[in-house]
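For reference, the structure is listed below as structure tokens.
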Amino acid sequence: MDSRVMENAEARGENQPASQAVAPGGPSVRSKAPVFVLGCGRSGTKFLYHTLLSAGGFAVYHAESNAFNLLGLRFGNLAHRPNRRQLLDAYYTSKLFQRTGLDPKDIEDRVMEDCHNAGDFLRIVMEAVARKQGVERWAESTPLHLLYLTLIKKVIPDALVVHIIRDGRDVTASLHRIGWIRPLPWDRSRAFLVPAIFWRWIVSKGRRYGKALGGDYIEVHYEDLVQNPRDTLACIGKFIEHDLDYDRIQQVALGSVHNPNSSFRGDGKETEAATIGRWKRMFTSPQVRDIESSIGNLLVDTGYALETPPEELRSSLPVSFMNFLYPLYFDFKLWLKSDTPLARIADKGRMGIPESDAKSGAK
């Protein structure tokens with residue numbers, strides 16, 4: 001087994017949570033606990049999530065719930081009944097709800113009577129999906145929920161968190177290609193650095209929040225999952241107390257297990273390339289130097305070797321300024337979206353609501 005996975009397993013043994021208690025004559029509480037598969041976007045979160053679903057025993061839900069980063073913010077304090085009503089009215093028209101396979105009556109009463117926060121809402125919905133599918137467990141995978149780990153653990157105390165980490169240079173290559181993390185106007189010539197800094201920002205926060213969870217948090221490397229799947233799945237399976245049989249997973253192959261979610265699809269020869277180490281083919285040596293100057297410490301901390309010699313890891317003044325500015329910029333945007341009235345005008349289009357309905361609902 002990979003040493004990084006073994007270190008995580010050993011660390012868990014030092015701080016076993018109460019949720020591992022075994023009920024007399026029955027399975028442990030932990031074996032039914034919800035599992036959050038989280039990580040920076042383009043790190044393999046969907047691949048691992050669909051791997052769990054393919055193993056069986058989990059409610060199959062092909063969507064990101066957006067419970068904490070959108071629903072719990074857009075509709076205000078859910079302890080207030082009018083806000084719960086507004087949430088449900090919008091939710092019923094969304095693709096997020098359509099993909100649950102539920103009828104409104106399956107969740108209506110419980111949400112209106114028992115829901116007081118985003119965690120309550122997510123649990124009510126996913127437990128309803130699990131009941132309808134005849135299983136006892138559910139998992140969730142919204143990458144941005146990594147920023148809400150403290151809140152998630154507060155409102156869903158039995159949550160188990162699997163943080164999947166991928167080489168930040170490969171994540172940078174993918175995010176830069178699809179343009180999700182955009183530079184400020186004056187940094188367009190160095191746009192490739194912005195997703196690298198974002199990777200450092202969100203992964204660092206996720207690791208800091210996660211380590212406070214003790215034995216209910218584990219870090220898994222995407223590369224281990226791809227290159228050594230049996231041992232890596234065995235480790236994850238032990239952590240979440242679930243049978244992750246590799247052969248069954250390959251046979252069922254739901255979602256991205258069958259159809260990889262690659263940002264490089266359609267690139268001719270690139271479609272045949274390995275998913276690991278693409279950054280070596282995408283970036284020039286000076287670009288690699290700038291990227292590693294920005295995120296090298298975290299790369300090393302998470303077990304990745306640097307290509308740039310140590311004596312060359314010196315940032316230019318513009319790169320140093322970007323390393324200082326963008327984390328503050330990302331923090332500011334997160335604060336605006338989470339702790340100010342702007343949260344109430346979050347884009348309902350991310351729920352999969354038609355544009356006309358989203359506009360009418362905003363009036």
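The distance from the CG atom of Leu213 to the CG atom of Leu160 is 10.0 Å, given to the nearest 0.5 Å. Summarising the geometry, atom OG1 belonging to Thr51 is positioned 5.5 Å from atom CG belonging to Leu225; distances are rounded to the nearest 0.5 Å.
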Under 3.5 Å, which donor-acceptor pairs do the side chains of residues 137-144 form with other protein atoms, sequence neighbours left out?
from: Arg137; atom 1: NE; to: Ser31; atom 2: O; distance (Å): 3.3
from: Arg137; atom 1: NE; to: Ala33; atom 2: O; distance (Å): 2.7
from: Arg137; atom 1: NH1; to: Ser31; atom 2: O; distance (Å): 3.1
from: Arg137; atom 1: NH1; to: Ile240; atom 2: O; distance (Å): 2.9
from: Arg137; atom 1: NH1; to: His242; atom 2: ND1; distance (Å): 3.2
from: Arg137; atom 1: NH2; to: Arg30; atom 2: O; distance (Å): 2.9
from: Arg137; atom 1: NH2; to: Ala33; atom 2: O; distance (Å): 3.2
from: Arg137; atom 1: NH2; to: Ile240; atom 2: O; distance (Å): 2.7
from: Glu140; atom 1: OE1; to: Thr142; atom 2: N; distance (Å): 3.2
from: Glu140; atom 1: OE1; to: His145; atom 2: ND1; distance (Å): 3.1
from: Glu140; atom 1: OE2; to: Ser65; atom 2: N; distance (Å): 3.3
from: Glu140; atom 1: OE2; to: Ser65; atom 2: OG; distance (Å): 2.8
from: Glu140; atom 1: OE2; to: Thr142; atom 2: N; distance (Å): 3.3
from: Glu140; atom 1: OE2; to: Thr142; atom 2: OG1; distance (Å): 2.3
from: Ser141; atom 1: OG; to: Val37; atom 2: O; distance (Å): 3.0
from: Thr142; atom 1: OG1; to: Ser65; atom 2: N; distance (Å): 3.2
from: Thr142; atom 1: OG1; to: Asn66; atom 2: N; distance (Å): 3.2

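Although no hydrogens or angles enter the test, the distance criterion places no donor-acceptor pair under 3.5 Å between the side chain of Ser43 and the main chain of Gly39. In this structure a side-chain-to-backbone donor-acceptor pair under 3.5 Å is present from Gln133 to Val60. Of the possible donor and acceptor atoms, none in the side chain of Ser174 sits under 3.5 Å from a partner among the backbone N and O of Val171. Between the side chain of Ser204 and the backbone N or O of Trp201 there is no donor-acceptor pair closer than 3.5 Å. Put simply, the side chain of Thr100 gets close to the backbone of Phe97: a donor and an acceptor are under 3.5 Å apart. When atom types are taken as modelled, the side chain of Gln287 and the backbone of Thr284 share a donor-acceptor pair closer than 3.5 angstrom. The backbone N or O of Lys32 sits nowhere less than 3.5 Å from a side-chain atom of Glu136 that would complete a donor-acceptor pair.
With sequence neighbours excluded, the residues satisfying salt bridge (charged side-chain N to carboxylate O under 4.0 Å, His left out) with Glu113 are Arg81. Taking the side chain to side chain contact (heavy atoms under 4.5 Å, CB included) definition, one finds that Ser189 meets it with nothing, sequence neighbours left out. The side-chain hydrogen bond (donor to acceptor under 3.5 Å, both in side chains) check on Tyr49 picks up nothing, with sequence neighbours excluded. For Lys211, the side chain to side chain contact (heavy atoms under 4.5 Å, CB included) partners at least two apart in sequence or on another chain are Arg207, Tyr217, Glu219.
Between Tyr91 and Phe121, the ring planes are perpendicular. Angles over 60° get that label, and only those under 30° would be called parallel. Aromatic ring pairs are classed by plane angle as parallel below 30°, tilted from 30° to 60° and perpendicular above 60°; the pair His221 and Tyr304 is tilted.
Counting heavy atoms from C-beta on, the side chains of Leu48 and Ile236 come closer than 4.5 Å.
No hydrogens or angles considered: a donor-acceptor pair under 3.5 Å links the side chains of Asn323 and Ser294.
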### Worked verdict on Leu38 versus Ile164 for side-chain contact (heavy atoms from CB on, under 4.5 Å)
CA-CA 6 Å; Leu38 307 178; Ile164 185 165; over 6 Å; no
### Task
Decide yes or no on side-chain contact (heavy atoms from CB on, under 4.5 Å) for Tyr222 and Ile276, but give the supporting numbers first.
CA-CA 9 Å; Tyr222 171 80; Ile276 297 171; 4.2 Å; yes
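Closest approach of Phe36 to Ile152, counting heavy atoms only: CZ-CG2, 3.8 Å. Closest of all the heavy-atom pairs between Ala59 and Val129 is CB-CG1, 3.9 Å. The two residues Pro157 and Asp216 come nearest to each other via the heavy atoms O-OD2, 4.3 Å. Smallest separation of non-hydrogen atoms from Asn83 and Asn77: ND2-O, 2.8 Å. The minimum heavy-atom distance linking Asp170 with Arg166 is given by the pair CB-NE, 3.9 Å. The shortest heavy-atom contact between Gly119 and Val155 is CA-CG2, 3.7 Å.
Between Arg123 and Asp120 there is no salt bridge, since no side-chain nitrogen of the basic residue lies less than 4.0 Å from a carboxylate oxygen of the acidic one. Salt-bridge annotation for Lys46 and Glu64: present, with a side-chain N of the basic residue lying under 4.0 Å from a carboxylate O of the acidic one. Between Arg182 and Asp187 there is no salt bridge, since no side-chain N of the basic residue sits under 4.0 Å from a carboxylate O of the acidic one. The pair Lys153-Asp158 does not count as a salt bridge, with every side-chain nitrogen at least 4.0 angstrom from each carboxylate oxygen. Note on Arg169 versus Glu307: no salt bridge recorded, every NZ/NE/NH1/NH2 to OD/OE distance being 4.0 Å or above. Between Arg289 and Glu312 no salt bridge is recorded (no basic side-chain N to carboxylate O distance below 4.0 Å).
Residue pairs that meet the salt bridge (Lys or Arg N to Asp or Glu O under 4.0 Å) test with at least one member in residues 82-94, sequence neighbours left out, are Arg85-Asp89, Arg85-Glu108.
By the 6.0 Å and 45° rule, Arg42 does not stack over the aromatic ring of Trp199.
Under a cut-off of 6.0 angstrom, the local environment of OH in Tyr329 is sparse, with at most 12 non-hydrogen atoms contributed by other residues, nucleotides or ligands. When the shell of 6.0 Å around NZ of Lys132 is examined, it contains more than 12 heavy atoms from other residues, nucleotides or ligands.
Ring centers of Tyr326 and Phe198: at least 6.0 Å apart, outside the cut-off.
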